[in-house]
Amino acid sequence: MQRFSILLLICFYLANAFADIKAVNGRSLRADLERPIKIGITETPPFIIIPDDHPPKGFMMSLLRMMEKHHDAGFDYIEYNSWSELLQAAKKREVDAIFLAQKTADRLEYFEFTRPIITVQNHYIVHDSYIGKVAPNSLNEAQVVASKDSANYTRLVKKGVSVNGAYSAREALLQVANQESEIAIVDAPKASYYMNKLAIDNIKIAGRSPYSYHLAIATRNDMPKLNLFFENAIVLTPESKRDSLKLKWGLVDEPVFSWYIVYYAIVVIASLSLITLYVLRLNRKLKREIDNRIQFETLLAKANANIQTERNKAQYEARTDSLTGANNRRRFHELLSSELSLFSRENRVFSLIMLDIDLFKSINDEYGHDAGDNVLVAVCRSMMNALRPYDLMGRVGGEEFAVILPGIHLKEAESVAERIRENINSLSFKDMDQKNVTASLGVTQVKKEDDKNSLLKRTDEALYQSKENGRNRVTVIE
Ligand SMILES: Nc1nc2c(ncn2[C@@H]2O[C@H](COP(=O)(O)OP(=O)(O)OP(=O)(O)O)[C@@H](O)[C@H]2O)c(=O)[nH]1
């Protein structure tokens with residue numbers, strides 16, 4: 001994250017460096033200029049128009065006057081007859097600033113340029129009788145004319161195109177109107193201005209040159225504060241005011257290639273790419289972490305499920321007799337305690353049966369321990385069959401079982417015990433030569449004054465009496 005922030009800072013630093021916005025206050029700057037700024041002007045419609053008997057006007061003049069007023073500056077306008085005269089005067093420092101387009105190496109020796117104020121597109125102007133559109137590669141075969149002062153002229157001469165050098169854009173247009181030349185290369189604002197002003201109605205625009213130029217203010221480079229002043233004045237001129245001036249003078253800003261846009265685009269794209277890369281990386285990392293977490297949670301859930309299963313198993317084993325599956329002695333005593341407390345709290349009566357298999361030792365001795373185990377399992381199952389689902393049974397000794405009969409009174413409990421006895425008596429075991437097994441049972445019903453010991457003791461006593469009286473019987477003690 002820290003690395004990313006540093007990169008972003010560098011991007012914004014570069015963006016500002018390219019934009020080169022020198023946000024200096026216009027008023028304090030003007031105070032540093034000891035004398036009015038001398039601005040050289042020459043006829044350059046529709047940017048600068050110099051009528052014989054009126055003050056100069058045009059887009060640039062309006063803009064300069066706006067700056068003058070807005071920044072409380074003093075401008076002196078010095079007029080020149082031609083562009084070349086004006087340029088020479090500026091180089092000789094007779095004027096401080098001029099309105100200029102091309103940043104040639106020669107000009108950069110004398111001037112510093114502000115950012116572009118407006119971008120102007122060149123067009124091909126032809127006579128009305130010209131058929132078709134003019135393309136850049138058709139210039140070689142045509143009679144082309146351009147103002148000698150213009151960059152178009154220099155550019156075409158450099159490319160080896162034979163081009164007539166007119167004294168001005170006005171003359172170039174007139175040459176086409178008079179059919180002395182075929183194609184004039186003039187920028188759109190000038191062309192439309194002269195076509196209107198001179199009422200030339202036999203020429204037309206027949207194509208767009210690939211070249212455009214930026215118009216800026218060039219200030220003498222031995223007064224750096226001057227450039228800063230104009231730069232600041234341009235930045236502080238509201239876009240809306242500049243737009244309304246452009247509209248007034250029939251200017252259209254052409255969508256032309258600008259390095260500023262490229263720089264900004266690079267910076268913005270680079271920043272967005274960095275952000276996207278960062279987000280994608282973060283996303284991948286998060287996804288990995290989520291996957292790991294899911295995997296970990298699945299393992300954890302499995303482990304928890306295993307623990308729970310083991311716990312359930314342990315609980316089951318802790319309360320169950322492993323041979324018969326009945327409640328073991330400990331669990332049975334817990335159940336008995338809770339029945340007793342229910343009886344004392346809610347007066348819910350219950351009966352207790354105690355059962356002991358008769359002469360079980362002899363079964364073990366005669367048929368083996370495994371046969372004895374089978375008898376225990378069979379007796380247990382037979383007891384369960386004789387009981388209701390909510391009766392509570394447990395194996396409380398080696399061959400001894402007990403049953404709690406919730407809600408059952410003594411008489412009914414006796415019948416249940418009798419049914420159990422009969423069921424056991426009717427069991428037959430193949431591995432014991434169909435020998436019958438019998439059991440003795442003792443039955444009692446809980447009483448108000450009972451605790452666990454007294455209850456168990458009474459039931460045991462009943463069981464003991466069954467044994468004493470010959471086994472295979474049920475004895476009831478109230
Ligand atoms: N096979 C088997 N025998 C058991 C188990 N638990 C206890 N025994 C045996 O059960 C027998 C109980 O014998 P005794 O207490 O003498 O009573 P009995 O032979 O049933 O005689 P009475 O109760 O008087 O009818 C003992 O020999 C124990 O070893 C068991 O889980 N499996």
Side-chain angles (χ1 to χ4, degrees), residues 312-337 351-387 391-405 410 413-446 452-478:
N312 291 346
K313 207 170 134 196
Q315 268 176 3
Y316 178 81
E317 280 167 3
R319 46 165 77 157
T320 313
D321 169 48
S322 59
L323 178 66
T324 60
N327 293 307
N328 60 19
R329 181 184 171 79
R330 215 187 86 217
R331 178 64 183 155
F332 183 82
H333 277 260
E334 279 171 12
L335 295 169
L336 186 59
S337 301
S351 294
L352 187 64
I353 299 174
M354 201 63 82
L355 177 152
D356 189 282
I357 302 171
D358 296 332
L359 303 170
F360 188 66
K361 187 174 178 312
S362 66
I363 295 173
N364 267 340
D365 292 346
E366 205 171 327
Y367 301 103
H369 202 265
D370 284 351
D373 279 357
N374 286 342
V375 169
L376 287 169
V377 172
V379 165
C380 180
R381 195 172 299 144
S382 143
M383 286 177 77
M384 278 175 180
N385 287 339
L387 297 172
D391 293 332
L392 305 162
M393 190 188 96
R395 184 182 173 200
V396 291
E399 80 296 13
E400 204 173 36
F401 294 88
V403 184
I404 301 165
L405 301 164
L410 195 58
E414 187 183 3
S415 321
V416 175
E418 190 54 41
R419 196 162 64 236
I420 291 172
R421 190 195 64 75
E422 280 168 14
N423 283 357
I424 293 171
N425 199 26
S426 62
L427 290 172
S428 61
F429 300 89
K430 278 192 215 138
D431 49 354
M432 289 171 23
D433 304 329
Q434 308 298 334
K435 185 180 184 326
N436 274 18
V437 170
T438 60
S440 301
L441 296 93
V443 184
T444 193
Q445 183 185 318
V446 68
K452 199 155 77 175
N453 280 340
S454 64
L455 182 63
L456 284 170
K457 205 172 159 201
R458 200 161 62 248
T459 327
D460 267 340
E461 175 58 29
L463 172 60
Y464 177 74
Q465 284 183 21
S466 289
K467 292 275 185 191
E468 279 292 296
N469 295 330
R471 299 188 173 85
N472 191 19
R473 68 191 58 233
V474 174
T475 306
V476 174
I477 298 182
E478 282 191 19

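Just follow the structure's listing: the first ligand is 1, and inside any ligand the first atom is 1. For the single chain, residues carry numbers from 1 onward in sequence order.
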Pick out which of Thr475, Asp358, Leu355, Ile357 makes a side-chain contact (heavy atoms from CB on, under 4.5 Å) with Ser440. Asp358
Checking Asn374 now: which residues fulfil side chain to side chain contact (heavy atoms under 4.5 Å, CB included) with it, not counting sequence neighbours? Asp431
Side chains of Met354 and Val396 in contact at under 4.5 Å (non-hydrogen atoms): yes
With a 4.5 Å heavy-atom cut-off, do Leu392 and Leu336 have their side chains touching? no
What I'd like to find out is whether the side chain of Lys452 reaches to under 4.5 Å of the side chain of Ser337, using heavy atoms alone. yes
First-shell residues of ligand 1 [heavy atom, distance under 4.0 Å]: Asp356, Ile357, Asp358, Leu359, Phe360, Lys361, Asn364, His369, Gly372, Asp373, Leu376, Arg395, Gly398, Glu399, Lys467, Arg471
Check whether any side-chain heavy atom of Glu414 lies under 4.5 Å from a side-chain heavy atom of Glu418, and answer yes or no. no
